[in-house]
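Written out below as structure tokens is the structure these notes cover.
Quick note: residue numbers are just sequence positions, from 1.
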Amino acid sequence: MDLAYIPSPSTGVIHLGPVPLRGYAFCIIIGVFVAVWYGNRRWIARGGTAGTVADIAVWAVPFGLVGGRLYHVVTDYQLYFSEGRNWVDAFKIWEGGLGIWGAIALGAVGAWIGCRRRGIPLPAYADAIAPGIAFAQAIGRWGNWFNQELYGRPTDLPWALEIGEGVNREAGLYHPTFLYESLWCVGVAFLVIWADRRFTLGHGRAFALYVAAYCAGRGWIEYMRVDDAHHILGLRLNVWTAIAVFLLAVTYLVLSARKRPGREEVVEPPAAATTATGTATGADKADDARADTAADAGAETDLTKTDLVKTGTAKTDLAKTGTAKTDLAKTDTAKTGTAEADDEPAADGAGAGAKAPQKS
């Protein structure tokens with residue numbers, strides 16, 4: 001008799017009237033909110049603007065959901081397109097089935113579009129949200145618990161997961177691989193946070209560390225699962241995917257550290273600062289224009305005053321010239337009059353002198 005185990009919920013959906021509330025969907029939604037909230041905090045700490053992470057997430061999240069579903073449907077196509085299956089079930093995302101590889105790949109495309117629209121480098125954005133994505137995965141994995149899926153081999157450990165009888169599953173106690181992955185993702189998140197502070201990771205290296213660390217755990221956890229999957233050389237497809245992505249992430253981590261050490265100094269164009277600068281520049285130009293106008297007006301005033309002064313001076317000079325001419329005229333007249341006065345006595349004297357000898 002098993003004395004300890006983790007029970008599974010009897011149902012993964014609660015109906016609120018005609019509206020179904022699904023535990024799987026709630027876990028995904030809560031995970032997205034946590035990722036955006038924590039990513040926003042890290043983005044602001046790196047010098048970004050509040051709200052930018054959410055704006056870009058508007059692009060990244062839908063792309064990620066589509067990518068995750070596509071990966072699951074393509075790699076498990078027999079669940080939807082084999083004989084006796086209904087292909088419409090491929091669109092029932094609430095029943096579970098999101099491949100993290102496709103979610104990250106196509107979500108990165110959506111994030112790239114959002115970053116490009118705002119002039120933000122994608123690696124800087126990825127570094128900011130990396131731990132948040134790991135936390136979101138940790139929360140999202142509990143959606144598998146609600147759906148009683150993604151469990152491991154049978155076990156009698158005290159933390160075994162109880163699985164009830166259902167479609168494509170047998171009742172029993174199994175390894176709770178969803179819990180293992182959830183706890184591993186929490187550890188990955190804290191690892192990235194610590195390494196980012198310790199080594200000042202930048203240019204996408206924090207995100208690469210998250211990818212590498214996740215893949216390292218996903219490999220051994222995937223190996224424990226017993227649900228149907230495609231095998232290549234005796235290994236599950238997701239194990240090979242984890243190995244390949246792990247190698248790519250480590251390679252990027254090493255090469256990026258050599259080519260671009262350190263962290264970005266500017267992660268987001270200062271839109272507000274640009275606006276303020278533009279306003280200040282406009283004000284400066286207006287002030288310069290006013291100053292130029294005032295200077296021109298002052299110059300014209302000075303020129304006018306100078307012309308007036310010169311004109312007044314010229315008039316003064318003319319007046320002085322007229323006065324001088326008048327003085328000269330008066331002087332000449334006076335001299336002429338004096339000369340005439342001097343000439344008359346002389347003439348009289350000459351006449352008297354001429355008459356005197358006649359008397360002797």
Side-chain angles (χ1 to χ4, degrees), residues 5-6 8 64 67-85 87 89-90 93 95-108 133-134 137-138 140-145 147-157 159-188 191 208-254:
Y5 58 86
I6 301 174
S8 292
R69 188 60 176 177
L70 281 176
Y71 181 88
H72 167 72
V73 172
V74 170
T75 55
D76 290 313
Y77 62 89
Q78 72 280 358
L79 299 177
Y80 307 100
F81 302 104
S82 60
E83 186 178 355
R85 300 285 183 170
W87 63 270
D89 293 340
I93 191 173
E95 293 183 354
L98 288 175
I100 186 61
W101 316 111
I104 294 297
L106 206 55
I133 294 178
Q137 286 181 254
R141 275 305 177 202
W142 283 87
N144 302 130
W145 175 66
N147 287 349
Q148 297 193 42
E149 58 186 4
L150 303 188
Y151 46 86
R153 294 188 292 269
T155 183
D156 57 357
L157 293 172
W159 57 82
L161 174 67
E162 181 190 33
I163 295 295
E165 190 73 26
V167 179
N168 297 325
R169 67 172 186 251
E170 296 180 2
L173 298 177
Y174 300 87
H175 276 283
T177 51
F178 85 90
L179 178 60
Y180 298 161
E181 186 169 338
S182 179
L183 295 176
W184 183 267
C185 287
V186 172
V188 169
L191 171 65
L209 176 61
Y210 145 72
V211 172
Y214 171 75
C215 290
R218 179 62 184 267
W220 66 266
I221 294 173
E222 184 74 20
Y223 187 75
M224 297 177 64
R225 285 167 51 173
V226 295
D227 53 306
D228 293 334
H230 295 287
H231 287 72
I232 299 176
L233 299 177
L235 293 178
R236 294 167 65 95
L237 175 61
N238 282 333
V239 174
W240 287 110
T241 304
I243 293 172
V245 176
F246 172 82
L247 294 175
L248 290 174
V250 172
T251 301
Y252 178 87
L253 194 63
V254 174

> Is any side-chain heavy atom of Ile100 closer than 4.5 Å to a side-chain heavy atom of Tyr214?
Replying inline: yes
> Is there a side-chain contact between Ile163 and Ser8, using heavy atoms and a 4.5 Å cut-off?
Replying inline: yes
Looking only at atom types and distance, does a side-chain atom of [X] sit under 3.5 Å from a main-chain N or O of [Y], one as donor and one as acceptor?
| X | Y | result |
| --- | --- | --- |
| Gln137 | Cys185 | no |
| Trp240 | His231 | no |
| Arg69 | Ala90 | yes |

Any donor-acceptor pair under 3.5 Å linking the side-chain atoms of [Y] with those of [X]?
| X | Y | answer |
| --- | --- | --- |
| Tyr174 | Gln148 | no |
| Asp76 | Tyr71 | no |
| Tyr151 | His175 | no |

> Quick one: CZ on Phe178 to CD1 on Ile6, what's the gap to the nearest 0.5 Å?
Replying inline: 5.5 Å
Quick one: list whatever passes side-chain hydrogen bond (donor to acceptor under 3.5 Å, both in side chains) with [X], sequence neighbours left out.
| X | value |
| --- | --- |
| Ser182 | Trp142 |
| Asp89 | Lys92 |
| Trp220 | none |

> What is the minimum heavy-atom distance between Ala160 and Thr155, and which atoms define it?
Replying inline: CB-CG2, 3.7 Å
> At their closest point, which heavy atom of Ala208 faces which heavy atom of Leu253, and how far apart are they?
Replying inline: CB-CD1, 4.1 Å
> Does a salt bridge link Arg236 with Asp228, judged by any charged N lying under 4.0 Å from a carboxylate O?
Replying inline: no
> When the aromatic ring centroids of His72 and Tyr77 are compared, is their separation below 6.0 Å?
Replying inline: no
